[in-house]
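Below, chains carry the letters A, B, ... as their sequence lines are ordered, and counting in each starts from 1.
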Amino acid sequence: MSYLTDDPIDAHALVARVMRPSDGAYVLFEGVVRNHHEGKTVESIFYDAYRPMAEKEIDAIVRETTAHYPDVALAVVHRLGHLVVGDSSIAIVASSTHRAEAFEACRMMIDRIKDTVPIWKKERGPNGEEWVGWQGRC
Amino acid sequence: MSYLTDDPIDAHALVARVMRPSDGAYVLFEGVVRNHHEGKTVESIFYDAYRPMAEKEIDAIVRETTAHYPDVALAVVHRLGHLVVGDSSIAIVASSTHRAEAFEACRMMIDRIKDTVPIWKKERGPNGEEWVGWQGRC
Amino acid sequence: MQLMKVRLLFFAVLRDIAGTDVRELAVDEGTTARDVWQSLRNEFAKLTDYTQPPMIAVNESYAEPETILRDGDELAFIPPVAGG
Amino acid sequence: MQLMKVRLLFFAVLRDIAGTDVRELAVDEGTTARDVWQSLRNEFAKLTDYTQPPMIAVNESYAEPETILRDGDELAFIPPVAGG
């Protein structure tokens with residue numbers, strides 16, 4: 001089961017994969033390409049990844065989150081390649097008997113994924129393109 | 001625009017209704033009929049409402065949440081009538097430039113809706129049926 | 001003393017107990033929502049133990065038990081809500 | 001002194017700068033990940049200002065800059081991640 005895909009994300013299918021009859025709630029998070037970033041217009045984004053390592057890192061985050069919230073069922077998929085405004089780059093589903101754990105587990109997942117998984121994005125706009133986070137970090 | 005429906009909820013359409021090109025994230029919450037409650041088996045639920053008042057109360061909650069999170073776009077629909085295990089009773093979408101506000105606004109919505117909106121449920125299981133919350137409150 | 005008409009709505013467990021979803025009441029001037037609850041407790045054995053009324057709505061807004069009813073008001077007792 | 005083979009992977013901005021996504025290196029025994037970064041700084045003007053290396057992965061796991069490379073290792077410098 002891969003956490004990465006080059007195709008559009010089907011969040012509905014992801015939800016269906018996760019839900020158990022004992023679940024009373026699910027929280028779905030989707031990250032979406034927006035038309036602006038730090039004051040600049042964005043038209044599209046290219047997502048790159050160190051694929052085998054990204055798979056391992058996401059898997060580790062799923063395991064940590066599950067250890068923290070044992071009642072929660074999780075699914076996550078991250079899309080790579082060229083995306084335009086409105087496209088989903090990531091979808092995370094957390095389902096649980098009660099809503100609190102579903103909210104918290106979903107939030108924990110996206111926060112950690114953004115923090116450690118080797119995925120990068122190059123933003124493209126009317127004034128050119130740029131790898132996010134690189135400029136000015138030295 | 002009604003917040004109540006007697007038909008199955010189309011969460012996908014709800015998301016589409018909310019998303020703006022400036023949104024970088026959305027959080028979708030769905031409450032789902034689960035097969036158990038306080039140790040008892042649940043087969044189905046009947047949702048009842050004081051409809052015009054429920055509409056007003058949900059609208060007030062949408063306004064409060066929007067006042068608190070002005071960047072967030074919201075949509076919510078609650079289903080009424082007979083639902084079986086796996087059916088969604090409520091869907092809430094919160095979209096925003098950044099994920100934190102989307103998570104918080106979505107959570108605020110469901111917490112307040114559960115707290116004040118005049119909607120009731122009668123759970124049905126192998127041992128009969130019962131209005132949730134009534135027994136033992138006197 | 002003037003008689004006033006009040007529309008009393010029943011929902012959820014209260015509709016099951018009352019066997020109806022609406023009743024037109026004629027009440028004396030000065031009658032409060034709590035007074036109406038007491039009359040329901042006298043009428044329905046299943047409510048006898050519920051000395052305190054549930055939440056109250058007058059004209060589709062939450063109101064206090066001591067709210068004095070006016071002619072044409074719509075009154076509803078709101079059992080513990082369970083939406084979501 | 002023994003020469004070891006290390007596979008160096010380039011991603012994102014570093015691939016653009018290096019103009020390739022992979023390079024086979026022959027390094028001396030005792031070479032650290034940081035040493036490899038220094039050699040890249042000498043080679044590519046766009047990296048000169050980056051005295052500190054970005055995050056480092058050895059064999060698909062995060063590692064310290066002082067990690068001593070072994071024969072057959074896969075090394076990657078991880079620019080600031082931006083997934084999600």
Side-chain angles (χ1 to χ4, degrees), chain A residues 9-16 18-39 41-43 45 71 73 83-111 113-114 121 123 132, chain B residues 9-16 18-39 41-43 45 71 73 83-111 113-114 121 123 132:
Chain A
I9 293 173
D10 183 350
H12 196 73
L14 206 67
V15 170
V18 167
M19 293 299 290
R20 304 158 296 186
S22 61
D23 289 324
Y26 78 82
V27 173
L28 164 65
F29 171 86
E30 284 204 67
V32 181
V33 177
R34 59 173 194 253
N35 64 5
H36 62 105
H37 179 62
E38 292 177 357
T41 298
V42 174
E43 291 165 347
I45 290 183
D71 183 48
L83 280 70
V84 298
V85 172
D87 283 347
S88 291
S89 53
I90 188 169
I92 301 170
V93 182
S95 71
S96 186
T97 298
H98 301 291
R99 70 187 182 283
E101 292 89 335
F103 270 104
E104 289 165 24
C106 191
R107 185 72 193 273
M108 178 172 170
M109 287 282 295
I110 181 61
D111 287 353
I113 285 170
K114 281 183 175 271
K121 60 181 176 189
E123 287 181 347
V132 172
Chain B
I9 293 173
D10 183 350
H12 196 73
L14 206 67
V15 170
V18 166
M19 293 299 289
R20 304 158 297 186
S22 61
D23 288 323
Y26 77 81
V27 173
L28 164 65
F29 172 86
E30 285 204 68
V32 181
V33 176
R34 60 172 192 254
N35 63 7
H36 62 104
H37 180 61
E38 292 178 355
T41 297
V42 175
E43 291 165 349
I45 289 183
D71 183 48
L83 280 69
V84 298
V85 172
D87 283 347
S88 290
S89 53
I90 188 169
I92 301 170
V93 183
S95 71
S96 186
T97 297
H98 300 292
R99 70 187 183 284
E101 292 88 335
F103 270 105
E104 288 164 23
C106 191
R107 185 71 193 272
M108 178 172 170
M109 288 282 294
I110 181 61
D111 287 353
I113 286 171
K114 281 183 174 271
K121 61 180 174 187
E123 288 181 346
V132 172

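- Listed in order of number, the residues of residues 31-39 of chain A that approach chain B to under 4.5 Å between heavy atoms are A:G31, A:V32, A:V33, A:R34, A:N35, A:H36.
- Contact tally against chain B (heavy-atom pairs below 4.5 Å) for A:S22, A:C106, A:A102, A:A25: the top residue is A:S22.
- For B:A100, the parts lying near chain A are the backbone and the side chain together; criterion is any non-hydrogen pair under 4.5 Å.
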Exercise. Decide side-chain contact (heavy atoms from CB on, under 4.5 Å) for B:F29 and A:L28; before the verdict, give the C-alpha distance in whole Å, the side-chain angles of both, and the deciding distance to 0.1 Å.
Key: CA-CA 6 Å; B:F29 172 86; A:L28 164 65; over 6 Å; no
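- Ranked by heavy-atom pairs under 4.5 Å with chain A, the first of B:R107, B:H12, B:R20 is B:R107.
- Contacts between residues 84-96 of chain A and chain B, counted as heavy-atom pairs separated by less than 4.5 Å, involve A:V85.
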Practice problem: Report the C-alpha distance between B:E30 and A:V27 in whole Å, list the side-chain angles of each, state the deciding distance to 0.1 Å, and finish with yes or no for side-chain contact (heavy atoms from CB on, under 4.5 Å). | Solution: CA-CA 7 Å; B:E30 285 204 68; A:V27 173; over 6 Å; no
